[in-house]
Protein chains: 2
Amino acid sequence: MESQRLKRPNIKKIAEMAGVSYGTVSRVLNNSPLVKEKTRKRVLKIIKEIGYTPNPVARALKNKSTYTIGLIITNMIYPFFPQIVQGIEDRAAQENYSVIICDSQGDKEKEAQRLMSLVSRRIDGLIAAPIDDPENNNLECYRSVIKRGIPIVLLNYYLPIPECDFICVDDKPAAEIAVEYLIELGHRRIAFFHDVFSRSNNRLLGYQEALRRHNIPFDESLVFARDVKKEGIRLSIGDELDGYNFCERMLKLSPVPTAIMCSNDAIAIGAYRRLAEVGLRIPEDISVIGFDNVSYSNYLYVPLTTVSQPTYEIGKMSFELLMERIKEPKQKAKRILVQAELVKRRSCGPVREEEVIEIGKGIEV
Amino acid sequence: MESQRLKRPNIKKIAEMAGVSYGTVSRVLNNSPLVKEKTRKRVLKIIKEIGYTPNPVARALKNKSTYTIGLIITNMIYPFFPQIVQGIEDRAAQENYSVIICDSQGDKEKEAQRLMSLVSRRIDGLIAAPIDDPENNNLECYRSVIKRGIPIVLLNYYLPIPECDFICVDDKPAAEIAVEYLIELGHRRIAFFHDVFSRSNNRLLGYQEALRRHNIPFDESLVFARDVKKEGIRLSIGDELDGYNFCERMLKLSPVPTAIMCSNDAIAIGAYRRLAEVGLRIPEDISVIGFDNVSYSNYLYVPLTTVSQPTYEIGKMSFELLMERIKEPKQKAKRILVQAELVKRRSCGPVREEEVIEIGKGIEV
DNA sequence: AGGGGTTATTAAAATGTTAAAATATGCTGT
DNA sequence: ACAGCATATTTTAACATTTTAATAACCCCT
């Protein structure tokens, strides 16, 4: 009756119009050399005339390749993901792949559900940023994806599955360079503001390594992390509130540290706020370094020195990694660590001379 | 030879194992009432045992419905998109739809290419945020999508295609309320910082309407927009740099306005920075309002009063709109304007008393 | 004219599913 | 016992493509 959907021309119709069998048309479509130049041209002309595009679902049925990949991320609103997604999508489009996006929102059930949905859709491959939680990370689900013959590239968080490729920023040396920069400026009492996700551990390791290299003893009381007892469990990545709270706690220390290494920019911005409230100037009284180089970090009232991850590039590379594996499924799994870069702005300065600083005369808020 | 990919069980195999024809299995799968309870159970048991999932590509071939929608946005890194995408994806997953994501990156050729790719993939519907440019917006491409019988829900930017649904935040009253709030605080000389995208015009209209309602004459010299001659054409959405530049220009006015209405938060943060440089206090010397309520806006050194768009909700609604249309293709196109909300924080205060303010003694930078 | 050997084309089978048509089964009332 | 009917199941065709095997066309050579 109301067959709304326009009937599209199919290969049969093209064949008929060109006076040739549909096998031949198929050959033309697939650039087979087994077709005479003259017929090829004739067929091509008709195809163009009529605006025919081969039906990818029929194609997929026959070829078992859907030219579709899955992408599952922990949370779209974490600032590094959008660019990663962009990198993946852009590169995928170049290769005529489509990407199905899934956002687990840090929810294990959603992650499992999305995973199953993707495999049932017969994706050709998967790029996945698993939920960052050593306890329960749907490991079996991921394994079953591999068992179905679908290759996986792991992003940001490693899972112990030997067949998976892995790509991530190399957090340890990145943090190390940042902290070293602070040390060179004369700082010796440097606080570390922890994030909740496990990569932050590597950043802490980098922090420790930098200290060690300069013979500065590690002082555990300078490391701040979310207080689960007080706040209850929050699953979100470290945010402005964390930075604010850490900073508040830190300022009770005596002497107050002269610099802060933050595990991300949101934490840094929270620290900024507390520092402003209490009248501490950046960088004269205290230096701050962030991580991620989010868009606004250059436009805070004191532009933030921070570690920049090449997010777009990472996205691009992860797709390329996946392509390689789709083409060559049995090669050995790769692990790629991407170099980050310290971008120096205004939030770090030489250590102050005086021993003690005055707190509390803060700007009015 | 190396048929890497594991051969999955198909409906035929299930049928065979259950000692029944595959038509029957198909019926079981589709919850047809025309199958006896006993056989249904037997079949279901086998299906579960063997972990069979029906092949969606074969299904799609037969049914002409792929359970896949396309989503094309202008740029992933604009702060409102991630949440919109999240809303769409989440709602789609509930209905067993997958979302193919495309990012035009504000590039017309990419937009056209993605559009064609999506239709050739036989998506069931499209949610699109077209590139914001009245000159050339691939209108014909969008039309041809409709002609192929694929319904479109337009997001944020309207295209003159009568068959398309449309959803967007209602910018004019949102801005109006914000400006009215400033007026109530006693401000009469209020600057407007324009964004480059056309919805900003509606925000300007709201600004004007609020003025009119309170008998404040509109002064064009208080409206700031990107200076194409000086800067050349930049296609990106209004950013921190714009806010910084606008503010610099504004501060040359005499008398200096007592409040700024910004068309987005990034612009506001740029203004913040210039104000800090020049020693102007917020809100004592000058009030600022933003638009978007991005995550950091609550954690600037003065928390920003801003207009909050219900982005997740918008995403959810746009998917629902699309679903309705897929089910009922010939209903009249809908246009939905979503209410935004003013979130009051600390960046606005009563107008200052003195006539002239002193500029230039700013905090050191 | 009749092989032998390429090369180009066609016909047919296969991919995994659904839906329509055909058939089988069982029951009721005569 | 059988028509008439409802219910359950199977067969078959269709969906749009690719691929394999079969065939036709062509050329060259004796």
Side-chain angles (χ1 to χ4, degrees), chain A residues 1 3 5-44 46-47 50-67 119-122 124 148-149, chain B residues 1 3 5-44 46-47 50-68 96 119-122 124 148-149:
Chain A
M1 290 287 104
S3 132
R5 192 145 270 168
L6 210 111
K7 166 91 176 167
R8 304 231 203 148
N10 59 13
I11 202 172
K12 222 167 189 165
K13 178 148 185 187
I14 303 294
E16 194 175 288
M17 291 180 72
V20 76
S21 83
Y22 37 101
T24 305
V25 178
S26 171
R27 284 224 186 69
V28 172
L29 255 19
N30 295 292
N31 297 314
S32 159
L34 300 87
V35 50
K36 206 162 37 173
E37 198 46 35
K38 214 175 103 189
T39 25
R40 176 191 303 281
K41 268 191 185 152
R42 183 154 40 101
V43 172
L44 245 26
I46 307 247
I47 286 178
I50 214 163
Y52 162 79
T53 59
N55 185 329
V57 355
R59 219 171 218 187
L61 180 60
K62 184 70 205 174
N63 295 344
K64 275 135 179 47
S65 165
T66 53
Y67 275 76
V119 314
S120 88
R121 279 193 181 261
R122 313 308 204 249
D124 289 351
R148 296 291 197 180
Chain B
M1 291 285 105
S3 131
R5 193 147 267 166
L6 210 111
K7 166 93 179 166
R8 305 231 205 147
N10 59 13
I11 202 171
K12 221 167 189 166
K13 179 148 186 188
I14 302 294
E16 193 175 289
M17 292 181 71
V20 77
S21 82
Y22 37 100
T24 305
V25 179
S26 172
R27 282 224 186 70
V28 172
L29 254 20
N30 295 290
N31 296 314
S32 160
L34 299 87
V35 50
K36 207 160 38 172
E37 198 47 35
K38 214 175 100 191
T39 25
R40 176 191 304 282
K41 268 192 184 147
R42 182 157 38 101
V43 171
L44 245 27
I46 306 248
I47 286 177
I50 213 162
Y52 162 79
T53 59
N55 184 328
V57 353
R59 224 172 212 184
L61 179 60
K62 182 69 203 173
N63 295 344
K64 277 141 177 42
S65 165
T66 53
Y67 274 75
T68 303
N96 270 303
V119 314
S120 87
R121 279 195 183 259
R122 313 307 206 251
D124 289 351
R148 297 290 197 181

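Lettering of chains follows the sequences in order, A, B, ..., and the numbering in each one begins at 1.
Side-chain contact between B/Ile11 and B/Pro54: absent, with no pair of heavy atoms (C-beta onward) separated by less than 4.5 Å. Residues B/Arg122 and A/Arg8 are in side-chain contact: their nearest non-hydrogen atoms beyond the backbone lie under 4.5 Å apart. With a 4.5 Å cut-off on side-chain heavy atoms, A/Lys41 and A/Leu44 do not count as touching. Two residues are said to be in side-chain contact when any heavy atoms from C-beta on lie closer than 4.5 Å; B/Ser32 and B/Val28 fail this criterion. Using a 4.5 Å cut-off on side-chain heavy atoms (C-beta onward), B/Ile47 and B/Thr53 make no contact.
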**OP:** Heavy atoms under 4.0 Å is the rule here; annotate nucleotides 10-17 of chain D 5' to 3' with B where the base is hit, S where only the sugar-phosphate is, and - elsewhere.
**Re:** BBB-BBBB
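Taking atom CD of B/Glu37 as the reference point, atom C1' of D/dA8 lies 13 Å away to the nearest angstrom. Atom CZ of B/Arg40 is separated from atom P of D/dT9 by 10 Å (rounded to the nearest Å).
Looking only at distances, a side-chain donor or acceptor of A/Asp124 sits under 3.5 Å from a matching main-chain atom of A/Tyr67.
Identified under the side chain to side chain donor-acceptor pair (under 3.5 Å) test for residues 10-21 of chain A, with sequence neighbours left out: A/Ser21-A/Thr24.
When only modelled atom types and interatomic distance are considered, A/Arg59 and A/Ser65 share no side-chain donor-acceptor pair under 3.5 Å.
On the nucleic acid side, DNA chain C contacts chain B at distances under 4.0 Å to non-hydrogen atoms, with the end points of that region at C/dG16 to C/dA21.
Over its full length, the helix from C/dA1-D/dT30 to C/dT30-D/dA1 turns its helical axis through 70°, comparing axes from the five pairs at each end and rounding to 10°.
Taking the ring-ring contact (aromatic ring centres under 6.0 Å, His included) definition, one finds that A/Tyr52 meets it with nothing, sequence neighbours left out. Partners of B/Tyr22 by ring-ring contact (aromatic ring centres under 6.0 Å, His included), not counting sequence neighbours: none found.
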